Number of protein chains: 2
Amino acid sequence: MEPPAQHRRVTIVDVARHAQVSTTTVSKVLRNAYGTSPQMRAKVRQAIADLGYRPYAAARGMRGQTYTIGVMLPDIRNPFFPEIVDGLTDILWETDYQVLMAPGRNGEKAEARVTEAMIDRGMDGVVLVAPISSRTHLEHVAGIVPTVVVGRHGHSAVYDTVSDDDLTGAALVVDHLADLGHRRIAHIEHSETDPRRIAEMPNAIRAEGYRQAMRARGLEDEIDIVSTTYTQQGGYLGAQQLLARPDRPTAIFAGADIVATGVLQAVSEAGLAVPDDISIAGYDNTSFAALGPISLTSVDQAGRHIGANAAKLLLERIADRTRPTAQVKLSPTLVARRTTAPPPPA
Amino acid sequence: MEPPAQHRRVTIVDVARHAQVSTTTVSKVLRNAYGTSPQMRAKVRQAIADLGYRPYAAARGMRGQTYTIGVMLPDIRNPFFPEIVDGLTDILWETDYQVLMAPGRNGEKAEARVTEAMIDRGMDGVVLVAPISSRTHLEHVAGIVPTVVVGRHGHSAVYDTVSDDDLTGAALVVDHLADLGHRRIAHIEHSETDPRRIAEMPNAIRAEGYRQAMRARGLEDEIDIVSTTYTQQGGYLGAQQLLARPDRPTAIFAGADIVATGVLQAVSEAGLAVPDDISIAGYDNTSFAALGPISLTSVDQAGRHIGANAAKLLLERIADRTRPTAQVKLSPTLVARRTTAPPPPA
DNA sequence: CTGAAAGCGCTAACAG
DNA sequence: CTGTTAGCGCTTTCAG
């Protein structure tokens, strides 16, 4: 009857002893595995409750699963990503899996470090949101751990993907602006120079969608793209360039809402009124866009659904690593608000 | 000379064999531990490079450290928290530690789940940002794993704290508004009813700072607090209540910038102009506040410094779990922008 | 259906 | 300074 040593954790052995069964049985109950009688289960469950036992995930990982899912986010400042995380959590909350996130910082080195860290920690699955890493690296990761890639196009035989139809999304914006009467519609993109990634990255596809839509409207001569980054700063600098043009655009299509925030900033500093002097549209329809004083026209890509789909695909793949990969593509919609209006009279 | 089995990880045994040394030696080199000759180190390093070996963190955790630090964030939407994370990462990036984050979702149950998950995964240390859990729970966690609590006041003998002087911060806002000539200054707080937490939570202390400052300016009869939450939605609903008052306030002090976004929304919908009809101030000085069209007066609490301090304290505590706990308190500053101005003439 | 025993990859004692 | 050995807590064969 002596008290347990101050800092020793309750282990499976303690539970087994308390319930008068073997550790194997306890382990089976823990995993809801096949082959335990109801009485055994009840006894074990009681012992677990009595002792306040929780399995040590690190140890479980040595033989089986860690019940941990890693989510790599490119940028924790972009208000779009929380939507995806919410969608993931909605699904995973009901399961035994714990979600752990890490910032990829929009850099190949940082992303490699994060993915390696997740692999080394024995994570059962990973969700990579808008990764910039090479396809080779993504497939390498997916070869080791079940992987879902979010927001990146392209078909892979080893990982599942969930993405938004960025080509269509960009066209929605261009058409909306052209319908309002704009011709000089400029675009601010997140710079992408690697040809191997151009076909896959959402930012590159939005830019391509912009080009195609401009051509479709007979505005090929008005195509005007500034390359910066999907950050507030990127939007600010990009807009400054555009506003300095001799024939400045009457509308700016920012590749992401976070970019639009910087654009608004630059436009306001230039003493221009939105939408009277210039129209602004974003992409992502973050809660920021809906905000009264901002009221930004934006493309909604249903981040929560994206996240939920990613979670489901990941669970399926964890359950069966050999099933064929799936590509889920969701359709965006345009939410027109007060930052877009007909252009000022020439 | 046969190739290694397709999917077996390279282990410390492989490295030891390749370098013709014992696993102990490899382990020591890995940890930069005392007692290895330069030649040994070189040989081992070479073998590690040759084989592309990376230690399996889950296994290391069984005996020693996992080289993982957990960060619990209450709300991944609040743009203030990335600042803290950046500060943490600045320091931890140089070390072997990997930062993994999880959302506490502003709920006691969710927080318990997250802290347990971190403990169960053998994390070497945790940073809890603005936790709402009971002090008992915090001390329980800190008794198991080195812990730094951020943004919560109160002295503990088992965990270190880093916080902002919220009492002063709130006073800065009230004084600023009172100096401009406001008397009917209202405050929107994040509701706190648990008496045990009132003395510790930053939201409660900001509210108290507001009360004290109002009294100090002889405005005790004008004290007007609405209790909601530190979210955009909370700000929106809180402002709607305030604007419906028969004698509506001429200034609203929102307890956080994210709250101010909702306030701006409600004010705009009510057809009021900022700052001509009503002044608005926030707290946190997020990048959103600096934004041109918003230009929100706010209190800067140097999130990056908070994060860096937390990281340093945590590393110190991991190195020496018996050193006395420290309480770092940083001083906020007011950043006056365009959402505050003298009240409209009565 | 249940249990005994081996071992996952690593580190910590302890010898030499 | 280096190596041998014994586990960490759990899951997994494999017998009973």
Side-chain angles (χ1 to χ4, degrees), chain A residues 4-5 7-44 47-48 51-68 96 116 119-124 144, chain B residues 4-5 7-44 47-48 51-68 96 116 119-124 144-145 318:
Chain A
H7 263 342
R8 228 191 90 258
R9 242 186 112 99
V10 176
T11 75
I12 200 172
V13 178
D14 300 319
V15 175
R17 189 158 31 211
H18 188 91
Q20 319 236 49
V21 298
S22 73
T23 57
T24 307
T25 305
V26 178
S27 174
K28 283 192 166 177
V29 173
L30 245 32
R31 290 172 292 120
N32 298 308
Y34 177 81
T36 49
S37 65
Q39 305 97 292
M40 279 290 172
R41 256 183 309 223
K43 262 208 298 193
V44 171
I48 288 175
L51 270 42
Y53 167 75
R54 291 200 318 265
Y56 190 58
R60 299 180 93 169
M62 300 235 46
R63 300 289 303 211
Q65 307 193 70
T66 55
Y67 297 90
T68 310
D96 284 336
E116 286 180 354
I119 291 169
D120 296 346
R121 278 155 189 78
M123 295 202 173
D124 298 332
I144 299 171
Chain B
H7 263 343
R8 230 193 87 256
R9 243 186 111 99
V10 177
T11 75
I12 200 172
V13 178
D14 300 319
V15 175
R17 190 158 32 213
H18 187 92
Q20 318 236 50
V21 299
S22 72
T23 57
T24 307
T25 306
V26 178
S27 175
K28 282 190 165 178
V29 172
L30 245 33
R31 290 172 291 121
N32 299 308
Y34 178 81
T36 48
S37 65
Q39 306 98 291
M40 280 289 170
R41 259 185 306 231
K43 262 208 297 193
V44 171
I48 289 176
L51 270 41
Y53 167 75
R54 292 199 317 266
Y56 189 58
R60 299 180 93 168
M62 301 238 44
R63 300 290 304 204
Q65 305 192 73
T66 54
Y67 297 91
T68 310
D96 284 334
E116 285 179 355
I119 291 169
D120 296 346
R121 279 155 188 77
M123 295 204 172
D124 297 333
I144 298 171
V145 57
I318 289 172

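Order of the sequence lines sets the chain letters (A, B, ...), proteins ahead of strands, with each chain counted from 1. As the structure is a prediction and not an experimental result, all values here were calculated from the model.
The interatomic distance linking B:Asp14 (CG) with C:dC8 (C1') rounds to 13 Å, in whole Å. Remark: P of D:dG9 and CD1 of B:Ile119 are 15 Å apart, rounded to the nearest angstrom. Between the CZ atom of A:Arg63 and the P atom of C:dA5 there is a distance of 16 Å, rounded to whole Å. In this structure, the CZ atom of B:Arg60 is 18 Å from the C1' atom of D:dG7, given to the nearest Å. One can place CD of A:Gln20 at 15 Å from C1' of C:dT2, the figure rounded to the nearest angstrom. Atom C1' of nucleotide D:dG9 and atom OH of A:Tyr67 are separated by 14 Å, given to the nearest angstrom. Between A:Met62 atom CE and C:dA6 atom C1' the separation is 13 Å, expressed in whole Å. The distance between atom NZ of B:Lys28 and atom C1' of C:dC14, rounded to the nearest whole Å, is 11 Å.
At least one side-chain nitrogen or oxygen of B:Ser37 sits closer than 4.0 Å to the OP1 or OP2 atom of D:dT2. Look at B:Thr24 and you won't find any side-chain N or O under 4.0 angstrom from OP1 or OP2 of D:dT4. Here A:Arg31 reaches the OP1 or OP2 of D:dT12: one of its side-chain N or O atoms lies under 4.0 Å away. Between A:Thr25 and the phosphate of C:dG3, there is a side-chain N or O to OP1/OP2 separation shorter than 4.0 Å.
With D:dC10, C:dC10, C:dT2 as the choices, the nucleotide that has an atom nearest any side-chain atom of A:Tyr53 turns out to be D:dC10. Comparing C:dG3, D:dT11, C:dC10 by their closest approach to the side chain of A:Ser22 singles out C:dG3.
Between the side chain of B:Arg60 and the main chain of B:Tyr56, no donor-acceptor pair closer than 3.5 Å is present. Side-chain N or O atoms of B:Asp124 include one that pairs as donor or acceptor with a backbone N or O of B:Thr66 at under 3.5 Å.
Nucleic acid contact class of A:Thr11 (heavy atoms, under 4.0 Å, all strands): sugar-phosphate only. Using a 4.0 Å heavy-atom criterion, one finds that B:Val26 contacts no nucleic acid atom at all.
Salt-bridge annotation for B:Arg9 and A:Asp120: present, with a side-chain N of the basic residue lying under 4.0 Å from a carboxylate O of the acidic one.
A donor and an acceptor atom never sit less than 3.5 Å apart when one is taken from the side chain of B:Ser27 and the other from the base of C:dA12.
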- Chi angles and distances behind the side-chain contact (heavy atoms from CB on, under 4.5 Å) call for A:Arg121, A:Thr68: CA-CA 9 Å; A:Arg121 278 155 189 78; A:Thr68 310; over 6 Å; no
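No hydrogens or angles considered: a donor-acceptor pair under 3.5 Å links the side chains of A:Ser22 and A:Thr25.
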